[in-house]
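Below is one structure, written out as structure tokens, with a few remarks after it.
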There are 2 protein chains.
Amino acid sequence: MAVSTGEGVTIRDVAARAGVSIATVSRVLRGNIPVSEPTKERVLTVVSELGYRPSVLGRSLAEGRHAANGIVFPDLSGPYYAEVVLGYEEAAGELGRSVLILSTHGRDAAPEMVRELARRVDGMVVLGRTVSDEVVQEIAARGLPIVLLARSAAGEVDSVNAENVASAIRLTEHLIDHGHRTFAVVGGAESSPDTMERWAGVRTALLRAGLTPPAEPVPAGLREEEGTRVAEDLLVAGVPDAVVCANDELALGVITGLRAAGIDVPGQVAVTGWDDVMAARYAGLTTVRQPMRELGVRAARMLDLRIRGDAGPARHEVLPTNLVVRNSCGRHEPPDLDRR
Amino acid sequence: MAVSTGEGVTIRDVAARAGVSIATVSRVLRGNIPVSEPTKERVLTVVSELGYRPSVLGRSLAEGRHAANGIVFPDLSGPYYAEVVLGYEEAAGELGRSVLILSTHGRDAAPEMVRELARRVDGMVVLGRTVSDEVVQEIAARGLPIVLLARSAAGEVDSVNAENVASAIRLTEHLIDHGHRTFAVVGGAESSPDTMERWAGVRTALLRAGLTPPAEPVPAGLREEEGTRVAEDLLVAGVPDAVVCANDELALGVITGLRAAGIDVPGQVAVTGWDDVMAARYAGLTTVRQPMRELGVRAARMLDLRIRGDAGPARHEVLPTNLVVRNSCGRHEPPDLDRR
DNA sequence: CCAGGTCTTGTAACCGGTATCAGATACCGG
DNA sequence: CCGGTATCTGATACCGGTTACAAGACCTGG
């Protein structure tokens, strides 16, 4: 009979009750070394009687691995990181690995928290600029597989990124086609390598068209409130033809701010975002969609390869993105509100 | 000099180099048992020379605890779960605990995955109806602290919930004030205890007003596409005055579907959601806001108490929610687009 | 000068598994 | 009937920590 739910039952209990040594129990359970049929059966019977399940800790200590992956991200607010993490968890789960998450929230203790995480996993994904390159290098040098996501590759470390430059060029060309001539770019800056690439794309397209790119991005956090604040600043500094924002939340905030001041969007100013979050559809925001979930999935698979011992030079994957044209960049005929 | 980055350095290496026993090293590092000043200093010197950091696995095995919490949720898509998880991670992090996540995705293997998670943590939060009560009870019976979130309390288990009934009554009364008389409720059903409570509230308010509540909710998953599908069904079955949806995504889908068929929302039909996601603001959706992040924080704290050995009867926290009136329930003067 | 107490430290037994090595048993052909 | 070889299995040394127990050094008061 099942004596208990299995809590506290150790391999020694099973061995004693089955009249075998712990080594034999281990062999039966792992299945990698042959055990005679009658013995195997006896052990399995006892295992199910006692509800025995090997301790994860004991096994991990003996095998020297955790069967767990980590992922570090700045924050989960906004759909972007949440989707990436979800894709990551799903893929990692299918590969039989648990997932430890760590959100840095820009805390000062972030490097120490990341190091701590590194001691609990067999490999980890670092999302965006959550910790410095030094910390990443230090951990990688220790032999822990790392995959960088949405972050320029540092040294010999694998990375997964969404395509930024080409999409930014397409987006900017579209705006130019609408007749827009003066541009502002908002948000991002060095804290986010992704946005730097986008701004480079915008710059390239403008120069190609013989237009003057903005000197530098208007500083702003990647949140709605920041967008409305920036809108007010733009009203004072002079409103450009087009405002290209680092992400959708920011763009939506800018639109709200401009409209509150009586400015017609897109009549007087075009505004664009990045990511294609759900609210972007309802606000008619022109934006660029990136395969958020897929980014997480790819990172998980890439990491798994390394954990399984795959060597070789660093790999860098770049996933394609899509320009999604809606109304906020200027009216089209007929107004296009679908998801494209 | 620092010989290495600390990888592979064990307590025995430190002990040997400092000329003491491993017990002494352990004592110095834990600080719970006095060690003479000169010895302590010598040990600490070696520790920093070698960059020694105790193994998480070794320590956990010896102490019989993981210093990690788990959280189980159905999915991360949509802001609701993401925000809850984020709040949870933040609070747990401050309490010095790592966070393991598990998304069930409605997989058949979910119970087994949850059991596996349970073997890796000191306690866990179960969100919504991800696994059956039996599994929850089984794990709780094993002595593992569990907190249920957004799920009716099963037996003697702690729980955190957002208030549902009173808000549903307020929402319904508001719709009745608008003059709506026939109602449909969409989505949820038994798979989500939260929605059952909401429907009970709707029912109560309708009965109080002498109106006939809908026999049962229109079945639908909690996603936009499901909403547009339901809208089509409603067109055939006859459109009610008001459609109360289980969450915002669903409501937005319904609105899209109805408008595509030429129905005026809110002119001909009122539609409401639940959660107050970002898109709800841009779509002018009347909804109920729940403190998603705070739910996660409370669950983490409650769990931590239990892990620290706090006994006593099961606790149940209920957090307040807010009715957020916008346009989708009927025109107000002046149209109210703010967040309220 | 000695019994008894305090401080400090080392020894070794855990925690719960895995894996190596060697011994026991059964089977084989010569 | 015997040595040699597979096949199974047990004993035990790990993995890297924590901690109970005991012992040695030193100090104190009677």
Side-chain angles (χ1 to χ4, degrees), chain A residues 4-44 46-47 50-68 98 116 118-122 142-143, chain B residues 4 6-44 46-47 50-68 116 118-122 142-143:
Chain A
S4 78
T5 46
E7 190 49 17
V9 179
T10 77
I11 198 172
R12 285 161 234 268
D13 299 330
V14 175
R17 181 149 171 168
V20 298
S21 74
I22 61 168
T24 299
V25 176
S26 178
R27 286 191 273 254
V28 169
L29 262 44
R30 316 214 84 225
N32 48 357
I33 291 169
V35 174
S36 77
E37 201 50 49
T39 308
K40 181 187 290 184
E41 210 163 299
R42 191 147 34 93
V43 169
L44 288 177
V46 173
V47 163
L50 298 182
Y52 169 71
R53 302 273 295 152
S55 148
V56 178
L57 285 176
R59 178 171 281 187
S60 291
L61 183 57
E63 292 183 342
R65 59 136 191 70
H66 301 263
S98 295
E116 177 63 22
R119 322 189 79 258
R120 299 179 146 264
V121 297
D122 301 322
R142 205 185 287 173
Chain B
S4 76
E7 192 51 15
V9 179
T10 76
I11 197 171
R12 284 160 236 269
D13 299 330
V14 175
R17 181 147 171 168
V20 299
S21 73
I22 60 170
T24 298
V25 176
S26 178
R27 287 192 271 255
V28 169
L29 261 44
R30 316 212 84 225
N32 49 359
I33 292 169
V35 174
S36 76
E37 203 49 50
T39 308
K40 180 187 289 183
E41 211 163 298
R42 191 147 33 92
V43 169
L44 288 176
V46 174
V47 163
L50 298 182
Y52 169 72
R53 301 271 297 151
S55 149
V56 178
L57 286 176
R59 180 171 279 190
S60 290
L61 184 58
E63 292 184 341
R65 59 131 192 74
H66 302 263
E116 177 63 23
R119 323 189 77 260
R120 299 180 144 262
V121 297
D122 300 322
R142 205 184 287 171

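Just so you know, these numbers use all the heavy atoms, side chains as well, and skip hydrogens, waters and symmetry mates. In what follows, every chain begins at residue 1, and chains take the letters A, B, ... in the order their sequences are listed. This is a predicted model, so every value here is computed, not measured.
Looking at heavy-atom distances under 4.0 Å, A:V56 makes no contact with the nucleic acid at all.
Taking every heavy atom of both residues into account, A:Y52 and A:T10 meet most closely at CE1-C, 3.6 Å. B:R53 and A:R119 get closest at one heavy-atom pair: O-NH2, 2.8 Å. Looking at every heavy atom in both residues, B:G8 comes nearest to B:D13 through O-OD2, 3.7 Å.
Spacing between atom CG of A:D13 and atom C1' of C:dC15 amounts to 13 Å, rounded to whole angstrom units. Going from atom NE2 of B:H66 over to atom C1' of C:dC15 covers 12 Å, rounded to whole Å. Atoms NZ (A:K40) and P (D:dT7) sit 15 Å apart, rounded to a whole Å.
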Protein proximity profile, nucleotides 14-28 of chain D - base contact B, sugar-phosphate-only contact S, no contact -, cut-off 4.0 Å on heavy atoms: -BBBBBB--------
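OP1 or OP2 of D:dT9 has at least one side-chain nitrogen or oxygen of A:T39 nearer than 4.0 Å.
Proximity of B:R30 to B:R59: side-chain heavy atoms (C-beta onward) are separated by under 4.5 Å at one or more points. A:V56 has its side chain within reach of B:E116: a pair of non-hydrogen atoms, C-beta onward, lies under 4.5 Å apart. Side-chain contact check for A:T39 versus A:R42: some heavy-atom pair is nearer than 4.5 Å. Between A:L44 and A:K40, some side-chain heavy-atom pair lies under the 4.5 Å cut-off.
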Once Watson-Crick and G-U wobble pairs under 3.5 Å are found, how is DNA chain C written in dot-bracket notation, 5' to 3', with | for any base paired to another strand? ||||||||||||||||||||||||||||||
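Applying the side-chain hydrogen bond (donor to acceptor under 3.5 Å, both in side chains) criterion to A:E41, with sequence neighbours excluded, gives no partner residue.
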